[in-house]
Amino acid sequence: MTEISLEALSPKREQPVPGEPENWRRFFSFSTDHKVIGIQYIVVAFVFFLIGGFLAMIIRGELITPEADLVDRTVYNALFTMHGTIMLFMWTFPVLNGLANYLVPLQIGARDMAFPRLNAVAFWMVPVFGVILMASFLVPGGPSQSGWWAYPPVSLQNPTGNLINGQFLWILAVALSGISSIMGAVNIVTTIIRMRAPGMTFFKMPVFCWAVMAAQTIQLFGLPALTAGAVMLLFDLSVGTSFFDPATGGDPVLYQHFFWFYSHPAVYVIILPVFGVFSELFPVYARKPLFGYKFVAVSSFVITGLSAIVWVHHMFASGTPGWMRMLFMASTMLISVPTGVKIFAWVATIWGGKIKLSTPMLFALGGLVNFLFAGITGIMLAAVPFDIHVNNTYFVVGHFHYVIYGAAVMGIYAAIYHWFPKMTGRMYYEGLGKLHFVLTFVGVNLNFLPMHPAGLMGMPRRVASYDPEFAYWNVLASLGGFLLGVSTLPFLLNMISSWILGEKAPANPWRAIGLEWLVSSPPPHENFAVIPTVVSEPYGYGKNEPLIASQMASTELTSELS
Amino acid sequence: MNLRLILKLAAIAGVMTAISLWVGQLAYTWMPVPASEEALLVDHLFSFLTTLGTFIFLGVAGTLLYSVLFQRAAKYDEGDGPPIEGNLTLEIVWTAIPLVLVIWIAGYSYRIYDEMNILGPMEHMHGGAAIAAPLTLAQATDAPEAPEAPEIIEVHARQWVWEFYYPVANVTSTELHLPNHRRAKLTLTSEDVLHGFFVPAFRVKQDVIPGRSIDFEFTPIREGTYRLRDSQYSGTYFAAMQANVVVESPDDYQQWLTDVAALSPQPGLNPSYDEYQVKVENRDNRPGWKTVEPAPYPLVNYSGAPVLPER
Amino acid sequence: MSSVNLDQSLNSAATVHAADHHEEGEHRLFGFIVFLLSESVIFLSFFVGYIVYKTSATDWLPAGVEGLEVREPFINTIVLVSSSFVIYIAERYLHKENLWGFRAFWLLTMAMGSFFLYGQAVEWMGLDFGFTDGLFGGTFYLLTGFHGLHVLTGVLLQGIMLGRSFIPGNYDDGEVGVAATSLFWHFVDVIWIILFILIYVWQ
Ligand code: HEA
Ligand code: HEA
Ligand code: CUA
Ligand SMILES: [Cu+2]
């Protein structure tokens, strides 16, 4: 532990000028302001999203015809390995950490995160391991070609024989990503547990914070297991130990357990904050309180708990005995219970409301429907006899892109639009936003729905070439993929132009309830001149009750501040 | 009024049930032609899951759609909706319903699994164990015949070619031949990395793990040629690691074994090695990285034809 | 809820910061505990790996290796475990604001930790199998090495805290660094006890 000195923490603390014109250069500096770090995370992650998406475009280009004709097979294998790795470790985790960084202190009424400097260090590791991962395109053997699971023995094969090879850099990058994520998790959990404003008990805390805390708890218990596996893999690869190499008595299946013990829960690290976003947005745009707030809040932690005991469903066709298959089938299916609680609560929130279909709401609704579909295919996958048939086929690829793109990425878009005025002090363009939504929603379904029939017919994943019987579905998928590529253009255009030219945003453009909407847009340096005292539950739509103590005296505070 | 609501809901539920059952029947057609007893069971399960899944999807998405279409705020309406915060009965009901559904789905899946009697890679069938195992469909149908000693076929996987060895006839091939309506008993081994034994038409799959020998069983029920695909990613030429599976009548099968036993060993099919040669001889100049070298052509009695099975 | 005790009437920036700073310390200790819990999962994973290997491997010990000598490591264990008590005494002295008592026992802890490291180094030198000698060699060096790294970190942290005790007034308003270091030391100790049982006792 390093002591964080007082001076380092508060260079500008003396002048919290609301909405002061901000200097763009601070986004390129080692800032310790959680709001700056949050935006840094989001922007850097989005750059990697474009890179990972670009690789996906080449993948879909290759797959539009049955033959392996666009790129060499080694290149194809490197492409999907890097695509999966970038998308998970350098897009979803960082962007969600960015949202959490930006929103959590504001929503709980704190001036910053518990450890601002640790926060900055954790962020700055992202570009570092990003560059390391990218650098693997330049080493002699090329990047890792063993898929994002890096299953041994393939991941140990190292045909060039170099010590510094793509797989080595891959492990290094993933390990650094893990360290950065653990730093982030310690910080966020500490912040939420210890820095809430007076009066904000756990059951007055917004669901987004609940969900983030549940997600970060997973990082804390899951990542160390992955790290342990990665360390052993690294020694096998570089030093010649025999942990996972069957040629010298090792056990490759043990690696799979290490890997999935983390990487299954990791999918809930991704989806839980998105659930949080849904829970924040539906009440605002349906003008109703969140239905069953406490149930929704607690169900996140039920998911966290269950997530630790289902990992073997990724290994049903691997070296897994029958009793384990049945046990993990049951535990996996149980996840639908707490998830169902959330889904039904959102539907009940929307039901009978006064719905406004602005861009964030559209993305949230689209994400919800996609998630529903993906959750149902997930339950199918959990049924062992069926999973045996579709395991490692495009059915699985379809399932997880529906969750990850259809629900998570769309939920992230929803969050970015919803809090864009808060973050930048500008309004985005509604028309471009709606165009973005239509392209994304059509693209997702055109891209990922055809993957299901292809998988049912028996098309394996990770193939550069396939039998012509699958061609039809792949052409559709590729067209959808390209459409998704195009869909990023209106988004980029919207974000950049409205950040520069957009209309100035008031403190609370959506008439939303929450501490973050009580401060100016963008919020001043220390967020709150006076730490508010929270007096009621969140989501008091239609109840006309004050959220914080000072509003009891003057409900006009909101407008004064803006 | 209340009665009308109930009738309306019942009507909606009826329509949804009808649609779900119909989609559940459609689900059979999304699968390849079932060519094993296991396939029939899996298809039933899939149809069941699809029926239930469709119902849930329609129920939830339909409700959402209704809200979105008919419960929109008027253009200048800045007001709030009714401040309903929850309803304990509802909460409990919709926690209980998924729980019941899950128990149902898991129970049904378990039954199917039990009937399929898939051998887990940990359960080696040796001698007496086979008798102790629950009666399988295959054993049930074949019961009248004398329980012959199981004819085991060895499946060898290596980067990136399949090779099959029939110990009774001392025959090797790069095309898998199986007698129809007989329980196929395979031993899966790998010489290098993980591979996966996957025949979509049979709905069976098992990772092949180096350093282990895995017993695997299923029962083909339909004559024809099918595709065996590698299902566990195994490196550069993974996609090319496929082979044909021929299911023929037991007589034809025996005939094939004796015919082939007389043939002298010749290079078997090995598409990945063919492709590698193209690369080595620089007839393909797309940039790529160094790869693990494919295993050379295995010497086999019978190679099979390099044609895709008809669909 | 500790975050609630922020005084309502805080309005001058200076008092805000003083309160923040005091809270900071408690946050840090809390954060550190969270980190330790997470860290323990790495060890847990290694332990599980070890148990799986040991119970399933066909040839566990490398050819020519009989097993491990227990006597020296046992002495080492005694020293490391007792150092947990010593560091506790040091902490008590600090509480009573007896800086020299603190330093003396703190130094003794460091000495005991270093003795442990030295003992382990000697043991490693004397072994006739290496890191790459099968699963036994691999897991043995992985576990003891990873733990040794933690002991080394602990001793270094203790060194830093000792140095800081000479900065006047440094430990006036709390001793989070000392508390954290001592906590870390107990953690390293507990891990060692499990490790010792797994590797040396269960042969
Ligand atoms: C954000 C990501 C995310 C999320 C949230 C999920 C959610 C779920 N996933 Fe998915 N999954 C992935 C990402 C995700 N998954 C990825 C990336 C892979 C592949 C990795 C790889 O191989 O590379 C994968 C693979 C994967 C497999 C392995 C398949 C295989 O390789 O053979 C399985 C198997 O059980 C599975 C199941 C589930 C289940 C049961 C859920 C559940 O959480 C879903 C729960 C939701 C619902 C069920 C819907 C709502 C509920 C109701 C409306 C209540 C009523 C419903 C019922 C009673 C059914 N997933
Ligand atoms: C967050 C996670 C995430 C996201 C968002 C995506 C997004 C996409 N993914 Fe994928 N994907 C994974 C995670 C993700 N994926 C994982 C984990 C795997 C498994 C890997 C493995 O098997 O190991 C996988 C595998 C995978 C496969 C299977 C490969 C195989 O098995 O052989 C395919 C095939 O179609 C695919 C396609 C796509 C497509 C078309 C998109 C599209 O949605 C992308 C849309 C495109 C963009 C958004 C970018 C647009 C950019 C431009 C047009 C150019 C700009 C360029 C620059 C600035 C450089 N992905
Ligand atoms: Cu061959 Cu996988
Ligand atoms: Cu999973």
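Everything numeric here is computed off the predicted structure, so don't read it as measured data. Labels below follow one simple rule: chain letters A, B, ... track the order of the sequence lines, proteins then strands, and each chain is numbered from 1.
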S.K.: Between A:Arg461, A:Met315, A:Arg462, A:Met361, which residue shows the highest count of heavy-atom pairs closer than 4.5 Å to chain B?
M.R.: A:Arg462
S.K.: So which residue, A:Phe316, A:Phe373, A:Tyr293, ends up with the most heavy-atom pairs under 4.5 Å with chain B?
M.R.: A:Phe373
S.K.: Please state whether the side chain, the backbone, both or neither of A:Arg511 comes within less than 4.5 Å of a heavy atom of chain B.
M.R.: side chain
S.K.: Contact part of B:Ile84 toward chain A, heavy-atom cut-off under 4.5 Å: side chain, backbone, both or neither?
M.R.: both
S.K.: Fit a plane to each ring of B:Phe46 and A:Phe386, take the angle between them on a 0 to 90° scale, and name the class: parallel (under 30°), tilted (30 to 60°) or perpendicular (over 60°).
M.R.: parallel
S.K.: Who wins among A:Asp467, A:Val341, A:Val75 for the most heavy-atom pairs under 4.5 Å with chain B?
M.R.: A:Asp467
S.K.: So, for B:Arg286 and A:Asp72, which heavy atoms are closest and what is the spacing to 0.1 Å?
M.R.: NH1-N, 4.0 Å
S.K.: May I ask you to name which of A:Val337, A:Asn77, A:Ile343 has the most heavy-atom pairs under 4.5 Å with chain B?
M.R.: A:Asn77
S.K.: Using the six-membered ring wherever Trp is involved, compare the ring planes of B:Trp289 and A:Phe137 and label them parallel, tilted or perpendicular (cut-offs 30° and 60°).
M.R.: tilted
S.K.: Under a 4.5 Å heavy-atom cut-off, does chain B meet the side chain of A:Met326, its backbone, both or neither?
M.R.: side chain
S.K.: Would you mind checking which part of A:Val253 comes under 4.5 Å of any heavy atom in chain B, side chain (CB onward), backbone (N, CA, C, O), both or neither?
M.R.: side chain
S.K.: Output yes when a side-chain donor or acceptor of A:Asn392 lies under 3.5 Å from a complementary backbone atom of B:Ser231, and no otherwise.
M.R.: yes
S.K.: Measure the spacing between CZ of A:Phe291 and CG of B:Asn87 and express it to the nearest 0.5 Å.
M.R.: 5.0 Å
S.K.: Please report the closest heavy-atom contact between A:Trp351 and B:Ser67, naming both atoms and the distance.
M.R.: CE3-OG, 3.2 Å
S.K.: By a 4.5 Å heavy-atom criterion (distance strictly below it), what part of B:Leu90 contacts chain A: side chain, backbone, both, or neither?
M.R.: side chain
S.K.: By a 4.5 Å heavy-atom criterion (distance strictly below it), what part of A:Met329 contacts chain B: side chain, backbone, both, or neither?
M.R.: side chain
S.K.: Write out, in numerical order, the residues from residues 144-154 of chain A with a heavy atom short of 4.5 Å from a heavy atom in chain B.
M.R.: A:Gln145, A:Ser146, A:Gly147, A:Trp149, A:Tyr151, A:Pro152, A:Pro153, A:Val154
S.K.: Please flag which part of B:Val68 lies under 4.5 Å from any non-hydrogen atom of chain A: side chain, backbone, both or neither.
M.R.: both
S.K.: At a heavy-atom separation under 4.5 Å, does A:Ala247 approach chain B through its side chain, its backbone, both, or neither?
M.R.: neither
S.K.: Among A:Gln157, A:Met324, A:Lys356, who wins on heavy-atom pairs under 4.5 Å with chain B?
M.R.: A:Gln157
S.K.: What's the shortest heavy-atom distance between A:Gly352 and B:Pro82, and which atoms?
M.R.: O-CD, 3.5 Å
S.K.: Does any heavy atom of chain A fall under 4.5 Å from the side chain of B:Arg72, the backbone, both, or neither of them?
M.R.: both
S.K.: Quick one: does B:Arg229's side chain have a donor or acceptor within less than 3.5 Å of a partner on A:Gly458's backbone?
M.R.: yes
S.K.: Going by the salt bridge (charged side-chain N to carboxylate O under 4.0 Å, His left out) test, which pairs reach into residues 96-105 of chain B, not counting sequence neighbours?
M.R.: none
S.K.: Which region of A:Ala78, side chain (C-beta onward) or backbone (N, CA, C, O), has a non-hydrogen atom less than 4.5 Å from a non-hydrogen atom of chain B, or is it both or neither?
M.R.: side chain
S.K.: For a quick test of reading the model, state the closest non-hydrogen atom pair linking B:Pro98 to A:Ser336 and the distance between them.
M.R.: CB-O, 4.3 Å
S.K.: Got a salt bridge between A:Lys288 and B:Glu85, using NZ or NE/NH1/NH2 to carboxylate O under 4.0 Å?
M.R.: no
S.K.: Can you find a pair of side-chain heavy atoms, one from A:Phe344 and one from B:Val60, that are under 4.5 Å apart?
M.R.: yes
S.K.: Please state whether the side chain, the backbone, both or neither of A:Leu70 comes within less than 4.5 Å of a heavy atom of chain B.
M.R.: backbone
S.K.: In terms of heavy-atom proximity below 4.5 Å to chain B, should A:Pro283 be classed as side chain, backbone, both, or neither?
M.R.: neither
S.K.: Do B:Tyr113 and A:Arg325 have side-chain N/O donor and acceptor atoms under 3.5 Å apart?
M.R.: yes
S.K.: Taking non-hydrogen atoms and a cut-off under 4.5 angstrom, which of residues 273-280 of chain B neighbour chain A?
M.R.: B:Glu275, B:Lys279
S.K.: Applying salt bridge (charged side-chain N to carboxylate O under 4.0 Å, His left out), run through B:Arg227 and A:Glu469 and close with a yes or a no.
M.R.: CA-CA 12 Å; B:Arg227 204 73 172 140; A:Glu469 56 174 307; over 6 Å; no
S.K.: On a heavy-atom basis, which atom in B:Val102 and which in A:Leu334 lie closest, and how many Å separate them?
M.R.: CG1-N, 4.3 Å
S.K.: Applying the side chain to side chain contact (heavy atoms under 4.5 Å, CB included) criterion to A:His389, which one of B:Met31, B:Glu38, B:Lys205 satisfies it?
M.R.: B:Met31
S.K.: Under 4.5 Å heavy-atom distance to chain B, tell me which part of A:Ile350 shows up: side chain, backbone, both or neither.
M.R.: both
S.K.: Going from OG1 on B:Thr236 to CZ on A:Arg73, what distance comes out if it is rounded to the nearest 0.5 angstrom?
M.R.: 9.5 Å
S.K.: Report which part of A:Phe80 has an atom under 4.5 Å of a heavy atom belonging to chain B: side chain, backbone, both, or neither.
M.R.: side chain
S.K.: Which answer fits B:Glu191, side chain, backbone, both or neither, if we ask what part of it has an atom under 4.5 Å from a heavy atom of chain A?
M.R.: neither
S.K.: Report which part of B:Tyr237 has an atom under 4.5 Å of a heavy atom belonging to chain A: side chain, backbone, both, or neither.
M.R.: both
S.K.: Does B:Tyr108 OH have over 12 foreign heavy atoms under 6.0 Å away?
M.R.: yes
S.K.: With chain B, which of A:Ser299, A:Gly142, A:Gly375 has the greatest number of heavy-atom pairs at distances under 4.5 Å?
M.R.: A:Gly142
S.K.: So for A:Asp245, is it side chain, backbone, both, or neither that comes closer than 4.5 Å to the heavy atoms of chain B?
M.R.: neither
S.K.: For B:Leu308, is it the side chain, the backbone, both or neither that has a heavy atom under 4.5 Å from a heavy atom of chain A?
M.R.: side chain
S.K.: If the condition is salt bridge (charged side-chain N to carboxylate O under 4.0 Å, His left out), which residues does A:Lys294 pass it with, not counting sequence neighbours?
M.R.: none
S.K.: I need the residue from B:Ala106, B:Ala201, B:Gly211 with the largest number of non-hydrogen atom pairs under 4.5 Å to chain A.
M.R.: B:Ala106
S.K.: What are the two closest heavy atoms between A:Gly292 and B:Glu91, and how far apart are they?
M.R.: CA-OE2, 3.1 Å
S.K.: At a 4.5 Å cut-off on heavy atoms, which part of A:Ile376 comes close to chain B: side chain, backbone, both, or neither?
M.R.: side chain
